[in-house]
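I have placed the structure first, in the form of structure tokens, so that the comments after it can refer back to it.
Position 1 is the first residue of the sequence, and the numbers go up from there. In this text, all values refer to a predicted model and were calculated from it rather than measured experimentally.
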Amino acid sequence: MSDPYGEGLPCVLSENVAQLMMDPSLPPDVFGAIVAAMVTIGELGGIVPGSTASPRRPQQRRLALGVEGDLGIAEYVISRDADPPQIVITHVLVF
């Protein structure tokens, strides 16, 4: 059976990150950086150039937000074995 997403996977937000995205005090550039990260993470199946992972937990990754990470860090988990397979942005640290 072929993968309906090609190389990519759907990228979704955890409940906590979704609440952060709805916070009116969240700066627009941070909001945009999180959305851009979601698109890139999903299209690339979670293996984004510049993201980092622990050798013990390669499914958990971190990605800098903004230029040189000046806006924050997004943490996400690649869940290929989930039903349905997906990537979940679990935390966002805003600077």
Could you measure the distance from the [atom1] atom of [X] to the [atom2] atom of [Y]? Nearest 0.5 Å is fine.
| X | Y | atom1 | atom2 | result |
| --- | --- | --- | --- | --- |
| Ser79 | Gln86 | OG | CD | 6.0 Å |
| Ile87 | Glu43 | CD1 | CD | 11.0 Å |
| Leu26 | Asp29 | CG | CG | 8.5 Å |
| Gln60 | Thr90 | CD | OG1 | 7.0 Å |

Would you say that [X] contacts [Y] through its side chain, given a criterion of any heavy-atom pair below 4.5 Å between the two side chains?
| X | Y | value |
| --- | --- | --- |
| Ile73 | Leu65 | no |
| Ile34 | Met21 | yes |
| Leu9 | Arg80 | yes |

Q.
If you apply the rule side-chain contact (heavy atoms from CB on, under 4.5 Å), what do you find for Met38 with Leu13, and how did you get there?
A. CA-CA 8 Å; Met38 285 180 68; Leu13 302 174; 3.5 Å; yes
Q) When you look at Ile41 and Leu63, which way does the side-chain contact (heavy atoms from CB on, under 4.5 Å) test go after all the steps? A) CA-CA 9 Å; Ile41 290 167; Leu63 179 65; 4.0 Å; yes
Q: Take Cys11 and Ile89, measure what side-chain contact (heavy atoms from CB on, under 4.5 Å) needs, and give me the verdict at the end.
A: CA-CA 7 Å; Cys11 185; Ile89 297 182; 3.8 Å; yes
What are the two closest heavy atoms between [X] and [Y], and how far apart are they?
| X | Y | result |
| --- | --- | --- |
| Leu71 | Ala33 | CD1-CB, 3.8 Å |
| Pro58 | Pro55 | CD-O, 3.8 Å |
| Ser14 | Val88 | N-CG1, 3.9 Å |
| Pro85 | Pro10 | O-CD, 3.5 Å |

Q) Is there a donor-acceptor contact under 3.5 Å linking the side chains of Ser25 and Asp23? A) yes
(Q) If you count heavy atoms of other groups shown closer than 6.0 angstrom to CD of Gln19, is the number above 12? (A) yes
Q. Between Ser51 and Val48, is there a donor-acceptor pair closer than 3.5 Å when you use the side chain of the first and the backbone of the second?
A. yes
Q) Donor-acceptor pair, Tyr76 side chain versus Gly46 backbone, under 3.5 Å? A) yes
Q) Run the side-chain contact (heavy atoms from CB on, under 4.5 Å) check on Arg61 and Val77 step by step: do they pass? A) CA-CA 6 Å; Arg61 303 187 71 85; Val77 176; over 6 Å; no
